[in-house]
Amino acid sequence: MCEMSVRGRAIVSTENAIANYWATGDVYALIVEALRKAGKPLDQLTLPDLAPVDHYHARGFQATVELADRLTIGPDDHILDIGCGLGGPARYFAIRFGCKVSGIDITPPFVDAARKLTALLHLESQVEIAQGDGQHLPYAGGVFDGALTQHVTMNVADRPGFFREAYRILKPGAFFALTEHGMGPNANPHYPAPWSLDGGGSFLATPSESRVFLDAVGFRDIVVENTGEKYLAAYKQGMALAASGAMPALGIHMLAGERGAEKMRNAARNIEEGRTQPVQVICRKPA
């Protein structure tokens with residue numbers, strides 16, 4: 001067996017393991033049941049109704065809003081959400097800016113749920129969800145007016161390749177925005193963490209390394225914002241709710257698995273101990 005085929009199988013195996021880590025089974029049914037318990041009729045569903053659960057990344061909906069606040073997007077723009085999860089950010093951007101949004105995610109149950117939730121909100125004409133890997137985007141070059149990825153890169157083995165793909169599909173002058181847990185100065189994060197149970201499939205880079213990778217690909221006007229304090233406060237708030245038994249019926253915690261509380265505690269501890277460094281990054285492809 002040649003080295004290339006062995007390596008190819010290893011890559012596919014890693015991708016499948018990461019996809020399975022994030023979700024298996026019928027995620028859509030889980031969300032529908034939580035909506036029922038929360039008293040949210042499906043035929044009257046609104047974007048705010050879904051917001052607590054369909055922004056499946058650290059700090060959830062608030063992080064999406066703050067990222068959107070930093071961007072200029074017009075109604076004629078076409079945006080790509082790489083690692084779109086349940087499609088919440090894609091639908092939010094479509095409604096807020098009146099633009100078209102394509103989303104792509106590696107996890108089949110997320111793609112299935114994202115498509116069905118988009119249909120429930122009658123947004124199929126603005127939001128399209130596909131299954132695929134952000135390291136190998138199935139789009140032509142130079143077609144998107146902007147791209148975003150929220151808390152995806154921690155599981156990306158080939159970060160320079162991931163950034164090259166984002167650069168390739170963007171039009172000249174388009175933005176690229178990302179949020180992530182970067183590696184902190186003290187490294188060695190505690191696990192389980194939100195993106196990995198034991199460190200397997202975890203590929204953290206320091207904020208300075210991410211900047212270097214983006215610059216090497218060709219991105220310019222790179223702005224890196226330290227968001228650690230915001231994330232630490234959010235994790236501590238979640239820990240307090242969990243400790244008091246006051247977690248709501250509908251929220252991203254319901255997708256975190258049996259060790260969700262432990263992941264949250266370690267995420268906070270990693271930030272406090274300088275083992276991870278959450279950041280928000282915005283840059284552009286030169287015009």
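Computed from a predicted model, the values in this text were never measured in an experiment. For reference, positions follow the sequence shown, starting with 1.
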For [X] and [Y], indicate whether the former's side chain and the latter's backbone hold a donor-acceptor pair under 3.5 Å.
| X | Y | value |
| --- | --- | --- |
| K285 | L170 | yes |
| Q277 | P207 | no |
| T149 | I82 | yes |
| R91 | A114 | yes |
| D105 | G85 | yes |
| D54 | G87 | no |
| R159 | T153 | yes |
| R36 | P41 | no |
| T227 | K230 | no |
| D145 | A174 | no |

Closest approach of [X] and [Y], non-hydrogen atoms and distance?
| X | Y | value |
| --- | --- | --- |
| Q131 | I104 | C-CG1, 4.0 Å |
| L250 | I31 | CD1-O, 4.4 Å |
| A90 | D81 | N-OD2, 3.9 Å |
| S202 | S196 | CB-CB, 4.1 Å |
| E225 | R70 | OE1-NH2, 3.2 Å |
| Y235 | P194 | OH-CG, 4.0 Å |

When rounded to the nearest 0.5 angstrom, what distance separates [atom1] in [X] from [atom2] in [Y]?
| X | Y | atom1 | atom2 | result |
| --- | --- | --- | --- | --- |
| D133 | E165 | CG | CD | 9.0 Å |
| S102 | Y139 | OG | OH | 5.0 Å |
| M183 | M154 | CE | CE | 11.5 Å |
| T276 | L204 | OG1 | CG | 7.5 Å |
| I79 | L71 | CD1 | CG | 8.0 Å |
| F175 | D77 | CZ | CG | 7.5 Å |

Report task. Begin from the C-alpha positions of K100 and D76 and carry the test salt bridge (Lys or Arg N to Asp or Glu O under 4.0 Å) through to its verdict. Result -> CA-CA 7 Å; K100 181 178 179 180; D76 295 325; over 6 Å; no

Query raised in the report: Under the side chain to side chain contact (heavy atoms under 4.5 Å, CB included) test, which residues partner L30, sequence neighbours left out?
Result: M254, L255

Determine whether [X] and [Y] make a side-chain contact, defined as any pair of heavy atoms from C-beta on separated by less than 4.5 Å.
| X | Y | result |
| --- | --- | --- |
| V217 | L214 | no |
| Y92 | V101 | no |
| D112 | V27 | no |
| I222 | V281 | yes |
| T206 | R211 | no |
| I73 | R96 | no |
| V279 | S210 | no |
| E180 | V152 | no |

Requested in this report: Given side chain to side chain contact (heavy atoms under 4.5 Å, CB included), test L178 with F162 step by step and report yes or no.
Outcome: CA-CA 12 Å; L178 69 110; F162 183 91; over 6 Å; no

Query raised in the report: Does E124 CD have over 12 foreign heavy atoms under 6.0 Å away?
Result: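 Check passes, neighbour count above 12.
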
Query - Residue of the set E262, R275, R265 for which side-chain hydrogen bond (donor to acceptor under 3.5 Å, both in side chains) holds with H190 - result: R275

**Report entry** Member of H151, R59, E66, Q280 meeting the side-chain hydrogen bond (donor to acceptor under 3.5 Å, both in side chains) criterion with T179
**Finding:** H151

Query raised in the report: Will you find, in the side chains of W22 and N155, an N or O donor that is under 3.5 Å from an N or O acceptor?
Result: yes

Should [X] and [Y] be regarded as members of a common hydrophobic cluster, given that ILVMFWY residues are connected when their side-chain heavy atoms come within less than 4.5 Å of each other, either directly or indirectly?
| X | Y | value |
| --- | --- | --- |
| V156 | Y191 | no |
| L197 | I106 | no |
| L67 | V223 | no |
| L45 | L86 | yes |
| M247 | V53 | no |

Report task. Starting from the C-alpha separation in whole Å, work towards a yes-or-no answer on side chain to side chain contact (heavy atoms under 4.5 Å, CB included) for L50 and L35. Result -> CA-CA 8 Å; L50 279 175; L35 287 168; 4.1 Å; yes

Query raised in the report: Aromatic rings F97 and F93: how do their planes relate, parallel, tilted or perpendicular, breaks at 30° and 60°?
Result: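 Tilted.
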
Query raised in the report: Does the gap between the ring centers of F176 and Y167 come in under 6.0 Å?
Result: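 Between Y167 and F176, which both carry aromatic rings, the centre distance is not below 6.0 Å.
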
Query raised in the report: Going through the checks in order, is the side chain to side chain contact (heavy atoms under 4.5 Å, CB included) test met by T64 and L148?
Result: CA-CA 10 Å; T64 300; L148 63 136; over 6 Å; no

Query raised in the report: Going by an N to O cut-off under 4.0 Å, is there a salt bridge joining E272 and R269?
Result: no

Requested in this report: Let me see the working for T107 and Y56 under side chain to side chain contact (heavy atoms under 4.5 Å, CB included), right down to the final yes or no.
Outcome: CA-CA 13 Å; T107 304; Y56 191 28; over 6 Å; no

